[in-house]
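Worksheet for the structure shown next.
Numbering of residues begins at 1 and proceeds along the displayed sequence. Hydrogens, waters and symmetry mates play no part in the numbers below; they use all other heavy atoms, side chains included. Whatever order the structure lists ligands and atoms in, that order sets their numbers, starting from 1.
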Amino acid sequence: MKNRKKLVVLTGAGMSVESGLSTFRGSGGMWGQHRVEDVATIDAWYKDPEKVLDFYNIRRKELSGVYPNDGHIVLATLEEDFDVEIITQNVDNLHEKAGSTHITHLHGELMKVRSTGPGAEVFELTPENLEIKLGDKCPKGYQLRPHIVWFGEAVSEMNKAINITEKADVFLVIGTSLNVYPAAGLLNYVLSGVPVYLIDPNEVNVNGKNITVIKKGAGEGMKEFKEMLKILK
Ligand code: OAD
């Protein structure tokens, strides 16, 4: 069996732009149209759960009409030669749909809901049943909530993500402004000497790191990165 190099990839909202989903920041971003404090914090959930449920019901509906783009697809093909681990801040399921198999969702998953009761049991939604309403309960009788990590909540997958990052032979960042912690801090766990690449059509502030920047969108950028990887294989 070949000794494969470990390629660890941190993705953000820009990964899914070419599929038709919005970013959060910048012009046309989600947080220009909705206030984070109204829909994506634990306090919002306590204050107006119906509004929060509606926000994620709409996001799920949007997701049902979009497909992986070239970026997701090329990334999935890299599993032929590399041990690929994706750490994503995205709550969409486009990496899965493209065929990637090792995905850690730092900020939760749109297509899952969980009980607000003890144990926080998680349930998968089906394409036929994309909405949850106030009064929709788990079998034990507790209200269901989106399986999303809201601002003010712990990022339970962070330790796993750190462990993965520390084992990277190559580290790639795609489509994230690196504004949100702890996710953005993962770069600090990349061991020294490990090559780091970044794909983004816009300037991203990455202080003090020796990074090879591919200033392109996810689709074109991934094609270019795949070519560059040939020398690292
Ligand atoms: P941002 O909206 O902060 O950043 C998106 C990045 O994608 C920017 O750097 C853009 O330049 C880049 N981008 C735009 N078009 C692109 C394209 N075609 N290809 C590649 N990149 C492109 O999104 P995130 O960094 O993912 O959390 O945001 C992090 C977290 O903040 C999200 O997970 C979300 C949000 O609040 C929660 O809701 C908990």
Side-chain angles (χ1 to χ4, degrees), residues 9-45 51-60 62-63 66-75 86-95 98 103-112 114 145-158 161 172-187 197-207 209 211-226:
V9 188
L10 172 66
T11 67
M15 185 81 222
S16 302
V17 162
E18 288 157 30
S19 295
L21 296 177
S22 322
T23 59
F24 291 96
R25 297 166 187 82
S27 66
M30 189 77 73
W31 299 148
Q33 292 156 50
H34 304 269
R35 278 161 36 98
V36 180
E37 311 79 50
D38 290 344
V39 294
T41 67
I42 187 65
D43 289 342
W45 172 250
K51 189 175 202 166
V52 174
L53 288 174
D54 277 349
F55 177 75
Y56 288 99
N57 286 339
I58 293 167
R59 303 283 80 76
R60 253 178 245 116
E62 267 171 15
L63 180 58
V66 303
Y67 300 92
N69 62 58
D70 283 352
H72 298 103
I73 292 164
V74 174
L75 179 51
I86 298 173
I87 301 168
T88 187
Q89 297 165 86
N90 297 345
V91 297
D92 66 45
N93 56 3
L94 297 179
H95 286 303
I103 305 157
T104 301
H105 281 273
L106 281 180
H107 293 163
E109 293 176 69
L110 255 185
M111 290 303 290
K112 292 181 179 170
R114 70 171 186 262
R145 59 159 275 181
H147 186 50
I148 299 286
V149 179
W150 289 318
F151 289 96
E153 295 191 300
V155 180
S156 62
E157 293 291 83
M158 194 58 196
L172 169 65
V173 179
I174 313 173
T176 171
S177 63
L178 296 172
N179 266 297
V180 173
Y181 284 80
L186 276 176
L187 267 175
Y197 295 81
L198 184 145
I199 299 173
D200 201 299
N202 302 305
E203 214 71 55
V204 180
N205 195 2
V206 266
N207 284 334
K209 279 267 169 200
I211 294 183
T212 305
V213 176
I214 302 171
K215 205 161 184 267
K216 291 192 171 158
E220 283 309 306
M222 273 310 297
K223 287 175 198 162
E224 195 167 316
F225 176 71
K226 189 171 181 175

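The shortest contact between atom 13 (N) of ligand 1 and any protein heavy atom is with G14 CA, 3.7 Å. In this structure, atom 23 (O) of ligand 1 lies nearest to the protein heavy atom A13 CB, 3.6 Å. Annotation: atom 32 (C) of ligand 1 to nearest protein heavy atom, F24 CE1, 3.5 Å. The protein atom (non-hydrogen) at minimum distance from atom 9 (O) of ligand 1 is D200 OD2, 2.7 Å. Here the protein heavy atom with the shortest distance to atom 3 (O) of ligand 1 is S177 OG, 2.5 Å. Ranking protein heavy atoms by distance to atom 5 (C) of ligand 1, first place goes to G175 O, 3.6 Å. Among protein heavy atoms, atom 33 (O) of ligand 1 sits closest to H107 ND1, 2.8 Å. Ranking the protein heavy atoms by distance from atom 18 (N) of ligand 1 puts E18 OE2, 2.8 Å first.
Contact of the N179 side chain with the R25 side chain is registered, since non-hydrogen atoms from C-beta on lie closer than 4.5 Å.
At distances below 3.5 Å, not a single donor-acceptor pair connects side-chain atoms of E109 with backbone N or O atoms of N93. A donor-acceptor pair is defined here as one N or O able to donate and one able to accept, closer than 3.5 Å; no such pair exists between the side chain of T104 and the backbone of A161. At distances below 3.5 Å, at least one donor-acceptor pair connects side-chain atoms of H105 with backbone N or O atoms of N90.
In summary, the atoms of ligand 1 found under 4.0 Å from a heavy atom of G217, numbered by their order in the structure, are 17 (C), 18 (N), 19 (N). In summary, the atoms of ligand 1 found under 4.0 Å from a heavy atom of V149, numbered by their order in the structure, are 39 (C). Contact atoms of ligand 1 toward T176: 6 (C), 9 (O), 24 (P), 25 (O) (distance under 4.0 Å to a heavy atom of the residue). Remark: ligand 1 atoms within the under-4.0 Å shell around heavy atoms of V180 are 29 (C), 30 (C), 31 (O). Of all atoms in ligand 1, numbered sequentially from 1 with element shown, those under 4.0 Å from a heavy atom of N202 are 10 (C), 11 (O). Listed by atom number, the atoms of ligand 1 under 4.0 Å from G12 heavy atoms are 26 (O).
When R25, Q89, H105 are checked for heavy-atom proximity to atom 28 (O) of ligand 1, R25 turns out nearest. In the candidate list Y181, W150, W31, W31 is nearest to atom 38 (O) of ligand 1, counting heavy atoms.
Using a non-hydrogen distance threshold of 4.0 Å, F151 registers as a contact of ligand 1. Heavy atoms of P201 come nearer than 4.0 angstrom to ligand 1 in at least one pair.
The distance from the OH atom of Y67 to the CG atom of L94 is 10.5 Å, given to the nearest 0.5 Å. Separating the CG atom in N69 from the CE atom in M222 is a distance of 10.0 Å, to the nearest 0.5 Å. Remark: L172 CG to T212 OG1 distance equals 10.5 Å, nearest 0.5 Å.
Annotation: N179 places no N or O atom under 3.5 Å from an N or O atom of ligand 1; distance criterion only. Distances between N or O atoms of A40 and those of ligand 1 include no value under 3.5 Å. For the pair A218 and ligand 1, the shortest N or O to N or O distance falls below 3.5 Å.
Checking T41 against D43 by side-chain atom types alone, no donor-acceptor pair falls below 3.5 Å.
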Would you check, one step at a time, whether the test salt bridge (charged side-chain N to carboxylate O under 4.0 Å, His left out) holds for K223 with D70?
-> CA-CA 8 Å; K223 287 175 198 162; D70 283 352; 3.1 Å; yes
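By the 6.0 Å and 45° rule, R59 stacks over the aromatic ring of F55.
R145 and E153 are joined by a salt bridge, as a carboxylate oxygen and a charged side-chain nitrogen come within less than 4.0 angstrom of each other.
Of the residues listed (K112, H107, R114), the one engaging H147 in a side chain to side chain donor-acceptor pair (under 3.5 Å) is R114, and it is the only one. Residue T11 is tested with H95, Q89, H72 for a side chain to side chain donor-acceptor pair (under 3.5 Å); the sole match is H95.
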